[in-house]
Every structure is written in structure tokens, then in C-alpha cells.
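Just so it is clear, the values below take in all heavy atoms, side chains as well, and ignore hydrogens, waters and symmetry mates.
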Number of protein chains: 2
Amino acid sequence: MNRERLAKLNIKAQVLKAMAHPSRLYIVEELARQERCVCELTTMIGADMSTVSKHLSVLKQAGIVADEKRGSMVFYRLRVPCLGKLFESVESVLECSARELAEATK
Amino acid sequence: MNRERLAKLNIKAQVLKAMAHPSRLYIVEELARQERCVCELTTMIGADMSTVSKHLSVLKQAGIVADEKRGSMVFYRLRVPCLGKLFESVESVLECSARELAEATK
DNA sequence: TGGCAATTTGGCGTAATCGCCAAATGCTGT
DNA sequence: ACAGCATTTGGCGATTACGCCAAATTGCCA
């Protein structure tokens, strides 16, 4: 495995890792519909605001979301419009393996 | 957030998490081309065989790969054929955010 | 300027992850 | 049955993730 490929793998894994958390995945799904400020997401998720803020920071550092300050509030939005495809892919992965997974974990 | 959605989020996050590691992502990419036995993957990755075996176990538990024992060797293959879409999605996410990410981390 | 709300940051304890080593398991051929 | 290869499992130390609390920061408005 050459180091170019390893570098790409690291970046890709980083993107996946950023979304590989229920709260963060929820955030991404919601931002795919519309932009939201931190307090909105906080009440939706039902966790501490500092926790949500850190999740957003992870997504931001992975290049998935962007933030914009308007007044005293910070609004987050998806940085890339192509995430919808990824959702579909994950969904289809689930559909493909859902039954087998259910059987496997019985 | 109702508990049905939370359950789905947990499963989706689990799938993403299983792939959110450079070695495991490498494995998935290779298995998308052809099935491989553990020792092949071990030499390709260059880690301890026990480490590779555990990575494969994670992918298996997430429903991403399936294993088949042939003789004394175990061959792994992708469980779902639709993972190609997901790769494309991750790639496009990278393309969309690569430049901005590079600038952001300067 | 003082106070209040929104957000971020630092820190802490707990839990999970990672990679290697050693040991156990399974299969093959003699 | 035995030796040897392929694979898995258990465990250990080190690193990282997670969620909450408290404190710091920033902007708004009286």
C-alpha cells in the first residue's frame, strides 16, 4: 500500500468517522433539510449545548458543515450538497443487509 | 426525536463507524474488487494478522462483509453489492470539500 | 457599562478503540 | 496422533472518544 493511497484512506476514514455517531448523523440529516442554529439542534437532540457544540466542531473540522454567525447565534449548514447521495447509499446498505443482519444477531 | 428514528440513527452510525478506519476502509475497497482471504489482506495491509482478523470481525458484525471457510483459509467478500455508490458518495464529498478543507487547515 | 443569552473551550471521569503478543482453535497432510 | 499453517480469541497498555460541568467568550440591549 503506497503512501498516497494511505493518505486518501485516512481522509476518507476521517469523513466517515465524523458522521459515525448518532447525534452527528442526526445533525447532518437535519442540516440536509435546512440550516439550524446551535440552540435549535440542542433542544432537538436533548443533550447539553456544549456537547452539541463539540459535535458540530467535529463535523466542521471534517469539512462537512460550515458555520455562520448571525448576531449572537451561530447557524450551521451542510458544506456539500452531494451528501444526499451518501444518505441513499447508507440507506441502501441497510436495506441490503438489514434482514441478514437481523438474522445474524438473533 | 422519537425512538424509532434514534434506533435507525444508531444502526446507520454503526455501519459508518465500521468503515471509519483506514485499514477497514482499505479492506472494503479491496473486497469490492474481489474476495480475499485473511492472509492476503494481512500482507497487503502490513499489520499483525490478529489485528486484521479483528477488523474483519468488526466489518462482519456490521453486516458489511461475509466470510466463508474453504479448507484452512477464510475468505471474505462484500455482503452488499451497493457499496460502490457509497464510495462514489464519499469521493464526491471529498471533491466538494477538499479545497475548502485544505484551505481551512492551512 | 452592566447584564443576559448564545456559544465555545477546558477539564475530568468513564468508556471505547487500537495494535500487538501470546495462547487457543481448526484444518491438512504425514 | 503429530506437526504445521491459517485464523481467532483473550488480554494488556496506550490512546482516543464521550458527555457533563464550570468558566471564558461574544454579541445584544437597556
Distance check: side-chain N/O of [X] vs OP1/OP2 of [N], anything under 4.0 Å?
| X | N | answer |
| --- | --- | --- |
| B/Tyr76 | D/dA6 | no |
| B/His55 | C/dT17 | no |
| A/His21 | D/dG19 | yes |
| A/Lys17 | C/dT17 | no |

If I take atom [atom1] in residue [X] and atom [atom2] in nucleotide [N], what distance separates them, rounded to the nearest angstrom?
| X | N | atom1 | atom2 | result |
| --- | --- | --- | --- | --- |
| A/Leu56 | C/dT9 | CG | P | 11 Å |
| B/Ile27 | C/dC18 | CD1 | C1' | 14 Å |
| B/Asp48 | D/dG11 | CG | P | 18 Å |
| A/Asp67 | D/dT26 | CG | C1' | 14 Å |
| A/Leu59 | D/dC18 | CG | P | 11 Å |
| B/Gln61 | D/dT8 | CD | C1' | 14 Å |
| A/Lys60 | C/dT7 | NZ | C1' | 11 Å |
| B/Leu41 | D/dT7 | CG | P | 9 Å |

[X] side chain, from C-beta outward: closest of [options]:
| X | options | value |
| --- | --- | --- |
| A/Cys39 | D/dT8, C/dT7, C/dC20 | C/dT7 |
| A/Ser50 | D/dA22, D/dT7, C/dC20 | D/dA22 |
| B/Val38 | D/dT7, C/dT9, D/dT26 | D/dT7 |

From A/Ile64, A/Leu78, A/Leu59, residue fulfilling side-chain contact (heavy atoms from CB on, under 4.5 Å) relative to A/Ile27: A/Leu59
5' precedence on DNA chain C between B/Lys54 and A/Cys37 (nearest-nucleotide basis): A/Cys37
Closest-nucleotide ordering on DNA chain C, the 5'-leading residue of B/Gly71 and A/Met49: A/Met49
Using modelled atom types only, decide if a donor and an acceptor are shared between the side chain of [X] and the backbone of [Y] within a distance under 3.5 Å.
| X | Y | value |
| --- | --- | --- |
| A/Gln61 | A/Val58 | no |
| A/Thr42 | A/Val38 | yes |
| A/Arg24 | A/Ala18 | yes |

5' priority, DNA chain D, between A/Ser72 and A/Val58 [closest heavy atom]: A/Val58
Nearest heavy atoms of B/Met73 and B/Cys39, plus distance in Å: SD-SG, 4.2 Å
Polar side-chain contact B/Thr51-C/dC18 base: donor and acceptor under 3.5 Å: no
With heavy atoms under 4.0 Å as the rule, sort [X] into base, sugar-phosphate or nothing.
| X | value |
| --- | --- |
| B/Met73 | sugar-phosphate |
| A/Arg70 | nothing |
| A/Ser57 | nothing |
| B/Phe75 | nothing |

In one Ile/Leu/Val/Met/Phe/Trp/Tyr side-chain cluster, 4.5 Å: B/Val52, B/Phe75: no
